[in-house]
Amino acid sequence: MTDKKTSVHGAVLEDTPSDGDRPLVELRDAGKSYGNIRALHGVDLTVRAGKVSCVLGDNGAGKSTLIKIVSGLHQHTEGEFLVDGGPVRFSSPREALDKGIATVYQDLAVVPLMPVWRNFFLGSELTKGPWPFRRLDIDRMKKTADEELRNMGIVLDDMEQPIGTLSGGQRQCVAIARAVHFGARVLILDEPTAALGVKQSGVVLKYIAMARDRGLGVIFITHNPHHAYMVGDHFSVLRLGTLELSADRSEVGLDELTNHMAGGAELAALKHELAQVRGVDTEELPEEGDIRAPAAAPEEGKS
Amino acid sequence: MSMARQAEPAAVTPPPAPGPKESDGRTVRRPLALRLLARPEVGVFLGAVAVLVFFLVTAPPVRDGSSMANILYQSSTIGIMALPVALLMIGGEFDLSAGVAVITSALTASMLSYQLTLNVWVGVVVALVVSLAVGMFNGWMLVKTGLPSFLVTLGTFLILQGVNLAVTKLVTGNVATDDISDMDGFDQAKALFASSFEVGGVQVKITVVWWLVFAALATWVLLRTKYGNWIFAVGGNKESARAVGVPVTFTKISLFMLVGFGAWFVGMHNLFSFNTVQSGEGVGQELIYIAAAVIGGCLLTGGYGSAIGPVFGAFMFGMVQQGIVYAGWNPDWFKAFLGVMLLGAVLINLWVQRTATRR
């Protein structure tokens with residue numbers, strides 16, 4: 001499965017949709033304060049159809065706050081939040097879902113004890129029959145869930161098995177398949193690869209690429225620059241609640257991205273102190289001046 | 001859905017799955033017996049059968065048809081309440097005020113009708129409104145404050161207990177309400193809530209029928225409707241449920257109101273079968289309901305269980321309660337016996353589920 005990744009990715013880059021110049025979701029100078037704590041401020045983010053916007057940042061950088069605003073769990077307190085060019089303010093995740101913004105959470109994607117098909121359709125169940133006897137259309141739901149999962153390359157023997165018995169990667173994929181199935185236009189992925197093994201991460205990245213190919217706008221939140229660089233079209237690095245870097249793929253290389261992510265600027269400043277500690281190899285660390293320099297090295301595998 | 005279909009063939013050149021595999025191949029189909037044992041209600045069913053057989057052997061009077069009708073009646077008064085309590089438990093909460101709420105409902109109907117000399121149906125309807133309001137208050141407090149349901153409903157339990165006694169004394173000057181059996185509409189209401197009918201020479205109480213009807217309804221709702229799906233979801237993982245668009249607040253509050261409905265129904269049964277209500281009763285009953293639900297295979301922490309399980313759970317209670325009497329033992333042993341049974345049932349349930357679901 002994973003060996004298809006490069007070809008999938010290559011195929012996409014050649015025919016990225018040019019229509020829909022208007023962004024699906026846009027944040028302008030947005031921010032969020034919890035009481036007197038300013039968790040996020042001055043953040044710009046643009047999500048276009050068929051593009052992957054990566055949001056990177058260390059723990060506590062404000063990534064979670066950012067997606068909570070977009071997904072409708074919290075409301076922004078500063079700036080503007082536009083969907084299809086119109087300002088919005090969601091009061092519940094349901095409203096965001098109705099606008100086509102679906103979020104796949106890292107830890108709260110599913111209800112573990114419920115069967116796979118019930119999880120797949122949770123909150124958007126298919127029903128049949130007139131009102132007092134309106135009931136779940138179980139056969140159709142099982143069939144649809146199975147088809148959609150097979151489209152995503154997940155083959156399950158039994159739709160009745162509790163979703164908690166699936167592996168972490170499979171669960172993420174079920175959640176992604178669900179979002180795609182329910183007509184999401186914008187897919188927010190909260191660190192989908194954080195708890196996964198190498199191969200599973202590859203599978204999830206492949207689905208991100210597939211979702212993009214279906215014309216979805218994707219917000220991919222991660223603290224792994226390597227994963228981000230495999231699928232990303234735009235990179236935003238958050239640091240202490242504000243944007244440190246916002247650059248298109250053409251403007252930034254993996255090395256520079258990694259440096260920004262790893263707190264390269266701070267690390268360089270620490271280099272001299274570290275140099276005095278025996279056993280710390282400072283040769284490989286960049287100098288402060290190197291960080292801002294454009295990535296000169298040509299990217300491999302990039303058309 | 002349609003969008004996914006249209007957009008599918010667009011840019012993906014290779015098919016996503018490398019040829020549709022028929023099965024994953026890593027899961028082995030379990031034997032039917034093991035799969036059955038993993039169901040939440042099967043363990044308690046076996047337990048109920050065991051208790052039944054035990055008393056059939058040790059207490060000969062139990063073999064009589066009328067004794068069985070009596071046992072079923074006893075079970076039904078617990079079982080009707082155990083159902084909504086079980087649904088609430090699957091939904092991740094429990095209600096300590098359920099026992100005294102039954103008495104509150106009965107007192108409301110009784111005193112209102114008697115003091116204002118109204119048709120008893122007025123009292124019955126007002127009692128329903130009061131019961132639903134109590135449930136709604138519980139649910140609303142829980143959702144708004146985020147406190148555990150243990151604390152919220154413990155508060156309601158104490159409030160209702162005090163109000164029951166104080167208001168009854170204030171209004172009637174006594175700890176019990178006046179006899180309402182000669183009032184307008186009493187016979188109709190009694191027919192609905194507390195009558196009995198004959199089956200093959202045995203008098204069967206109508207509550208047994210209601211109990212089974214409600215159980216069937218609850219099972220259908222739980223397994224076959226959106227709302228049932230939501231109950232499992234809010235009990236299993238409230239945050240996930242909310243994030244995928246399940247109306248968590250509505251589900252929780254309505255579950256508490258369902259317990260209110262159950263309390264009203266049992267309250268009306270008590271009122272119309274005894275004509276008067278003792279205001280201090282009901283304390284301790286809430287734990288019986290919770291125990292019946294837990295014995296019935298509902299997970300105390302929510303997200304797992306069934307509506308049929310508590311039916312067997314309640315039957316075990318009724319069986320033991322009456323069986324001890326029929327066996328001619330000292331009824332003081334009842335609670336001790338129940339405690340042993342509760343622990344035993346829970347342990348057997350646990351063991352059965354672990355064995356059956358072991359991976």
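Below, read A as the first sequence line, B as the second, and so on, with proteins coming before strands; counting in each chain starts at 1.
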Visitor: What part of Leu122(A) gets closer than 4.5 Å to chain B, counting heavy atoms only: side chain, backbone, both or neither?
Guide: both
Visitor: How long is the gap from CE on Met114(A) to CD on Glu160(A), to the nearest 0.5 Å?
Guide: 10.5 Å
Visitor: Under a 4.0 Å threshold between the charged nitrogen and the carboxylate oxygen, would Lys142(A) count as salt-bridged to Asp146(A)?
Guide: no
Visitor: Is there a side-chain contact between Phe193(B) and Ile206(B), using heavy atoms and a 4.5 Å cut-off?
Guide: no
Visitor: Tell me, side chain or backbone of Thr127(A) under 4.5 Å from chain B's heavy atoms, or both, or neither?
Guide: side chain
Visitor: Can a donor-acceptor pair be found between the side chains of Thr144(A) and Glu148(A) at a distance below 3.5 Å?
Guide: no
Visitor: Given heavy-atom pairs under 4.5 angstrom as the criterion, report whether the side chain, backbone, both or neither of Arg118(A) touches chain B.
Guide: both
